[in-house]
Amino acid sequence: MSQGFLALILAAGKGTRFKSDKIKVLHPLLGKSMLRLMVDSILGLKPQNVYVVVGYQQDDVMEEFKSDEVSFVVQKEQLGTAHAVLAAKSVLKKDMNKDILIINGDLPLVRPETLKPLLALHRKERNSLTFLSAELENPKGFGRVIRSEGKIRVIEEKDALPSERKIKEVNTGVYLFKIKDLLSALPKVSNQNKKGEFYLTDVTGIMAREGKKIGFHKTMHTGEFVGVNSRLELAKAMDVLRERKIKNVTEKGVTVLDPRTTWIDLDVKIGADTVIYPSVIIEGHSVIGRGCWLYPFTHIRDSRLGNSVEILGSTLIVESLIEDEARVGPFSRLRPDSIVRKKAKVGNFVEMKSTEFGRQSKAMHLSYLGDTEIKENVNIGAGTIVCNYDGKKKHKTVIEEGAFVGSGTELIAPVKIGKKAYVGAGSTITKDVSPGALAVSRSKQVEKKNWSQRKRKK
Ligand code: UD1
Ligand code: CA
């Protein structure tokens, strides 16, 4: 079916029930804003153009999208859904003989597959309007679908009679219109209703009176149409997306031991044979390789892991890279721009920031490594601290291949430890150490014989 159609997403409203300083449609669900999810879904139907009606916080909304994906029309005041569509009048006039799909901006769970039958039916029946209805156990808050004298129309809940409120078939907020018929009906919509708004749904009554053909497709996928109006509905929608994502990664060969406590953002990629333990969170644009093991309470954001990487429990990794067969954790923290090279080991209570940690190097316990370049086969002893900050500026530390840094060392940056050099435990290193040398900088131990005995006698 190559017949082109336009798409219009209504997203100008604030979303008052969210009680947020941020417009509702920019709230994220598993790493994507509500509106981004909707745009992606609509793009899946391959419309000729996608328009978004913006108003409240319009600059923030427009910033989210590339100009080649969607175009924007501005509704200055939010006077209702019909008024929102009128904001697009000038673009609609250019395509009078086409159809337009109009959809509310608060339906982040809608999948393109669910909308396809609506498009097909609209074309088959050559309707002026075909809308998507759904039979809901709890129809509260929705417009109801009314049938009388062989005609079909939608009435808003606030304006419905008690008997009409008992109807369980609702308007989902998705419509396909013949543009010509839509434009002729829109100016006839009034705001003489309980909310004082111009309702798009009133077009159904107007068209019915004028003898226009109205059809509907009743969807089975009712769960996709719980409009997200409150924070609780946001949480419920996230749960649906979370389950979808977990189903998707498991189908690609990932083991998820406890789907109920695992959070994987929608854009995350994970290789086959990776095993994910309970309570793992993977966010943003993270990419996890094949055969990795992610133990409980691992939290990864916008990072890349190679293959066969092991992340032991309670480890936080942000904007970092971990290469094949490396092991990190438990209780490690990798801050942005950390690189852990192949087969390296980073152990408990080790923190890194802007640090490259070389192949097969080890830092097993209690260290801080910031702005540091560590080459291959380096051993960082327990409690090593890189003092990279002098109160004003950050300085760099370089530790060359095969060097051994003893426990409890402080490296005062900028400083360099040469190839295969040794630093004695407990040293404070302020000057470069030459390759192969041993540097020790601690005071000599003194011993006072029988000191405690003498003390007690006093
Ligand atoms: C709407 C429908 C209702 C349907 C329900 C499904 C109308 C009048 N009612 O009600 O029949 O059952 O959706 O979820 O359409 N918007 C604008 N400009 C405005 C007003 C709204 O762009 O002036 C946008 C909102 O940002 C939102 C969408 O239109 O994304 C729907 O508006 P909303 O107020 O949420 O409508 P509902 O009361 O949910
Ligand atoms: Ca709504």
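Index from 1, following the sequence. First listed ligand is number 1; within each ligand, the first listed atom is number 1. Quick note: numbers below take in every heavy atom, side chains included, and nothing from hydrogens, waters or symmetry partners. A quick note: this is a predicted structure, and the numbers were derived from the prediction, not measured.
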Less than 4.0 Å between a side-chain N and a carboxylate O, is that true for [Y] and [X]?
X	Y	result
R111	E113	yes
E64	R36	no
K247	E243	no
K168	E135	no

- Query: What is the distance from atom CZ of R333 to atom OH of Y368, rounded to the nearest 0.5 Å?
  - Reply: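 The CZ atom of R333 sits 9.5 Å away from the OH atom of Y368.
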What donor-acceptor contacts under 3.5 angstrom involve side-chain atoms of residues 287-301, with partners at least two apart or in another chain?
from	atom 1	to	atom 2	distance (Å)
T298	OG1	Y295	O	2.7
H299	NE2	E283	OE1	2.9
R301	NE	E283	OE1	3.0

- Everything protein-side that's N, O or S and under 3.0 Å from the Ca ion (ligand 2): list it, residue and atom.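 Those protein N, O or S atoms (cut-off: under 3.0 Å from the Ca ion (ligand 2)) are D106 OD2, N229 OD1.
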- Query: side chain to side chain donor-acceptor pair (under 3.5 Å): which pairs involve residues 303-313, sequence neighbours left out?
  - Reply: none
- Measure across I214 and T204 and return the closest heavy-atom pair with its distance rounded to 0.1 Å.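 Shortest heavy-atom contact: CD1-O, 3.3 Å.
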- Note on the structure: Only residue of L129, V53, L176, L10 satisfying side chain to side chain contact (heavy atoms under 4.5 Å, CB included) with I102 is L10
Would you tabulate the polar-atom pairs, meaning N/O of ligand 1 against N/O of the protein, with distances under 3.5 Å, reported to 0.1 Å?
from	atom 1	to	atom 2	distance (Å)
ligand 1	9 (N)	E156	OE1	3.0
ligand 1	9 (N)	E156	OE2	3.1
ligand 1	11 (O)	G143	N	3.4
ligand 1	11 (O)	E156	OE1	3.4
ligand 1	11 (O)	E156	OE2	2.7
ligand 1	11 (O)	N171	ND2	2.8
ligand 1	12 (O)	G143	N	2.8
ligand 1	12 (O)	N171	O	2.7
ligand 1	13 (O)	N104	ND2	2.8
ligand 1	15 (O)	T81	OG1	2.8
ligand 1	18 (N)	Q75	OE1	2.7
ligand 1	22 (O)	A12	N	2.9
ligand 1	23 (O)	Q75	OE1	3.4
ligand 1	23 (O)	Q75	NE2	3.0
ligand 1	23 (O)	L79	N	3.3
ligand 1	23 (O)	G80	N	2.8
ligand 1	23 (O)	G80	O	3.1
ligand 1	26 (O)	G13	N	2.9
ligand 1	30 (O)	L10	O	2.8
ligand 1	30 (O)	G105	N	3.1
ligand 1	35 (O)	D106	OD2	3.4

